[in-house]
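Here is the structure we will look at.
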Amino acid sequence: MNLDSLGDWVRTYYSSNVTPDMDGSEVTLFGWVQEVRDLGGIRFIILQDREGTLQVTIPKKRVAPEVLAKSDVLQKRFSIGVKGTVKKTNMTPRGIEVIPSEIRILNIAAEQLPIDITGKTPANIEVRLDARALDLCMEQNAAAFRVQHHALAAIRDFLFGKGFLEVHTPRIIASATEGGAELFAVDYFGQKAFLAQSPQLYKEQLTMSSEKVFEVGPFFRAELSHTRRHLSEFVSVDVEEAFASAEDVMRLLEQVIQYTCKAVSEKCSKELAALKYRATVPEIPFKRFTYDEVLADLKSEGVDIPWGEDISTEAFRVLGKERGYYYFITDWPTHSKAFYIKPKDGKPELCEGFDLMWRWIELVSGGTRISEKALLMERMKEKGLNPESFKYHLQAFDWGMPPHAGWAIGLERLTMVLTGKKNIREVALYPRDQMRLTP
RNA sequence: GCCCAGGUAGUAUAGUUCGGUCUAGUAUAUGCGGCUGUCGCCCGCAGGACCCGGGUCCGAAUCCCGGCCUGGGCGCCA
């Protein structure tokens, strides 16, 4: 088939911007054929673009022969341009249709597509991910990423407003951030290096100059976690603030979450409708439960966890049933948290680390950090880490490290909460996990 | 890493319990034909599949063994 070129055509409207009051006006549209319905004497072409769909109507006896000939060969996913006249009508859901005066076929597509893009026969997640570029052409599958976009824009907006500086720390590092086991090794000019699992140490160091920093970026964990809420490559929203405590950054966090939920509910009504999900804006402050309180609650629910042990996923699910909202868990046993979390003054078996939960999912973790070098080294040793391999980090603590605190949001997990998706792979464009490295 | 479950047309599934009208059904998609107001259009026709290898048996989609692949759960974590 001979393809047409774009020529001098310029899009005048997205499909969603064509409205009934434009009756009679000329438009130039670009997009893809989503569906062709041919009734014999009349043919309907559903044109899809980024913003939605619109009906191109071809009364076969009343359009130019060239237009009819072009429309004869159209198939699903053909990339086309349409010049035509807007017609107000009560026979389409949108109240408009476009009668074409010229159609340009810009590219063709395979007759048999690997997934059903009309959604009549939904494909399984692994089939969809194998054909992800096509999968994302379906509005309900792309919607989560538009929600994520607006959520991240809101987070940035809020943090900028609070004076945070956006920074970029290395992805290629020489030693482990929190321990060794779960890092991906890479060859760095013959030297052994790793993909960063977190910007933790760098963002802490940056508090001694920039004071309030945040970073948004991908991090890598080689954990053999085969669940619906783990990825090997995920996006973290990391915040660190000088002269602040856990309580300070918890207050910041709940404001960020509330602001983000508000932005999503205001800007993403179309996306949420496509997702069949309702956004809620949570009240703040979020409830705070100590680790001890959570253990007591669990005991009354019949789940017995010995003090000091981690709360199992099963136990979190029990908690999540009672608490269908955002809540903090504070005052964790010191040994259960990372070495850089500050033990409580006068009660060193507990620490100033916290988790923000949504139902049973851990969304955010954070805490007050240790700013005193000797204590930090001591905690490293308790965790079986060798301070020598952290010497470049530790030296910063000789140069005026301020007291500081921070947190990290799992962006995909937040997107799950905001979109109601039950599998994290739905909210990563090209998810990476234990089983998947392609596409 | 450990524990479950599962691989049937492009997609989604029925059939597997208890081997035999299964020449493998259905929906959707695809191709061809018909239809002037569809919007999950409709109607007719056609082509299209039992993951791979081995075994048991008169006979295997179905039972057994091995492999490969996938989904889910646990621990860990965001």
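Lettering of chains follows the sequences in order, A, B, ..., and the numbering in each one begins at 1. Predicted model, so just to flag it, every value in this text is computed and none were measured.
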Sugar-phosphate, base or nothing in reach of A:Thr227, heavy atoms under 4.0 Å: base
Touch class at under 4.0 angstrom, heavy-atom based, for A:Leu363 against every strand present: sugar-phosphate
Gap between atoms CZ and C1', on A:Arg43 and B:G33 respectively (whole Å): 14 Å
Centroid-centroid distance, A:Phe390 to A:Tyr340, less than 6.0 Å: no
Distance in angstrom units between A:Gln434 CD and B:C77 P, rounded: 17 Å
B:U11 to B:U70 separation - C1' atoms, rounded to the nearest Å: 16 Å
Length of the CG-P vector between A:Asp72 and B:C32, whole Å: 11 Å
Rounded distance in Å - CD (A:Glu309) to P (B:C74): 17 Å
Sugar-phosphate only, base, or nothing, as touched by A:Arg128 at under 4.0 Å among non-hydrogen atoms: nothing
Carboxylate-amine/guanidinium contact A:Glu97 A:Lys87, below 4.0 Å: yes
Nucleotide nearest A:His230 (side chain, heavy atoms from C-beta), chosen from B:A78, B:C74, B:G37: B:A78
Span that lies between the P atom of B:C2 and that of B:C42, in whole angstrom: 50 Å
Options B:C77, B:C76, B:G71, nucleotide nearest the side-chain atoms of A:Glu362: B:C77
Spacing between A:Arg436 atom CZ and B:U70 atom P, to the nearest angstrom: 8 Å
Selected nucleotide, minimal atom distance to A:Ser225 side chain, candidates B:G37, B:G75, B:C35: B:G75
Euclidean distance for P, B:G44 against B:U56 (whole angstrom): 48 Å
Selection from B:C76, B:C74, B:C39 that lies nearest to any side-chain heavy atom of A:Gln55: B:C39
A:Thr313 side chain, from C-beta outward: closest of B:G71, B:U38, B:C76: B:C76
Test: A:Lys88 and A:Asp23 ion pair at under 4.0 Å: no
A:Glu293/A:Lys287 salt bridge by N-O under 4.0 Å criterion: no
Distance in angstrom units between A:Met138 CE and B:A29 P, rounded: 13 Å
B:C63 to B:U21 separation - P atoms, rounded to the nearest Å: 16 Å
Electrostatic pair A:Glu215-A:Arg171, nearest N-O below 4.0 angstrom: yes
Side-chain heavy-atom pair A:Ile45, A:Phe78 within 4.5 angstrom cut-off: no
Note: A:Arg379-A:Glu382 ion pair, threshold 4.0 Å (strictly below): yes
Sugar-phosphate only, base, or nothing, as touched by A:Arg425 at under 4.0 Å among non-hydrogen atoms: sugar-phosphate
Sugar-phosphate, base or nothing in reach of A:Glu111, heavy atoms under 4.0 Å: sugar-phosphate
Given B:U36, B:C35, B:C74, the nucleotide with the shortest approach to the side chain of A:Arg229: B:C74
Evaluation steps, side-chain contact (heavy atoms from CB on, under 4.5 Å), between A:His226 and A:Asp433: CA-CA 8 Å; A:His226 193 203; A:Asp433 60 49; 5.7 Å; no
Rounded P spacing from B:C64 to B:G6 in Å: 11 Å
Atom P, compared across B:G71 and B:C32: separation rounded to whole Å: 35 Å
Residue A:Arg413, side-chain heavy atoms: nucleotide from B:C77, B:C39, B:G37 that is nearest: B:C77
Side-chain N or O of A:Lys120 closer than 4.0 Å to phosphate OP1/OP2 of B:C41: yes
Touch class at under 4.0 angstrom, heavy-atom based, for A:Glu97 against every strand present: base
Nearest-nucleotide comparison on RNA chain B, the residue closer to the 5′ end among A:Trp360 and A:Lys87: A:Lys87
Residue mapping more 5' on RNA chain B - nearest nucleotide basis, A:Val364 or A:Pro93: A:Pro93
Watson-Crick and G-U pairing of RNA chain B written in dot-bracket, each distance under 3.5 angstrom, with | for inter-strand partners: (((((((..((((......[....)))).(((((.......)))))....(((((..]....))))))))))))....
Pairing residues for A:Ser245 by the side-chain contact (heavy atoms from CB on, under 4.5 Å) criterion, not counting sequence neighbours: A:Glu247, A:Asp248, A:Thr368
Integer angstrom distance from the C1' of B:G25 to that of B:G15: 8 Å
Side chain of A:His226 (C-beta onward), nearest among B:G37, B:C74, B:A78: B:C74
Touch class at under 4.0 angstrom, heavy-atom based, for A:Ser312 against every strand present: sugar-phosphate
The single option from A:Phe289, A:Trp307, A:Tyr291, A:Phe354 passing ring-ring contact (aromatic ring centres under 6.0 Å, His included) against A:Trp332: A:Tyr291
Heavy-atom donor-acceptor pair, A:Glu314 side-chain to B:G75 base, under 3.5 Å: no
Protein and nucleotides 5-12 of chain B: nitrogen or oxygen contacts under 3.5 angstrom:
| residue | atom | partner | partner atom | Å |
| --- | --- | --- | --- | --- |
| B:G10 | O2' | A:Leu113 | O | 3.3 |
| B:G10 | O2' | A:Pro114 | O | 3.1 |
| B:G10 | N3 | A:Gln112 | NE2 | 3.4 |
| B:U11 | O2' | A:Thr121 | O | 3.3 |
| B:A12 | OP1 | A:Asn124 | N | 2.7 |
| B:A12 | OP1 | A:Asn124 | ND2 | 3.3 |

Euclidean distance, atom CG of residue A:Leu231 to atom P of B:C76 [Å, nearest integer]: 19 Å
A:Lys76 vs B:U30: side-chain N/O to OP1/OP2 distance below 4.0 Å: yes
B:A60 versus B:C22 - spacing of their C1' atoms, nearest Å: 12 Å
Sugar-phosphate only, base, or nothing, as touched by A:Asn423 at under 4.0 Å among non-hydrogen atoms: sugar-phosphate
Test item: side-chain donor near acceptor, A:Glu204 and A:Gln200, under 3.5 Å: yes
Length of the CZ-P vector between A:Phe44 and B:U38, whole Å: 7 Å
Sugar-phosphate, base or nothing in reach of A:Asp355, heavy atoms under 4.0 Å: nothing
Criterion side-chain contact (heavy atoms from CB on, under 4.5 Å) on A:Phe214 and A:Arg156, from CA distance to verdict: CA-CA 9 Å; A:Phe214 79 100; A:Arg156 281 202 165 100; 4.1 Å; yes
Distance test, side-chain N/O of A:Arg228 to OP1/OP2 of B:G73, below 4.0 Å: yes
Closest to the A:Arg221 side chain, choosing from B:G75, B:C39, B:A78: B:A78
Salt-bridge contact A:Glu240-A:Arg369 (side-chain N to carboxylate O under 4.0 Å): yes
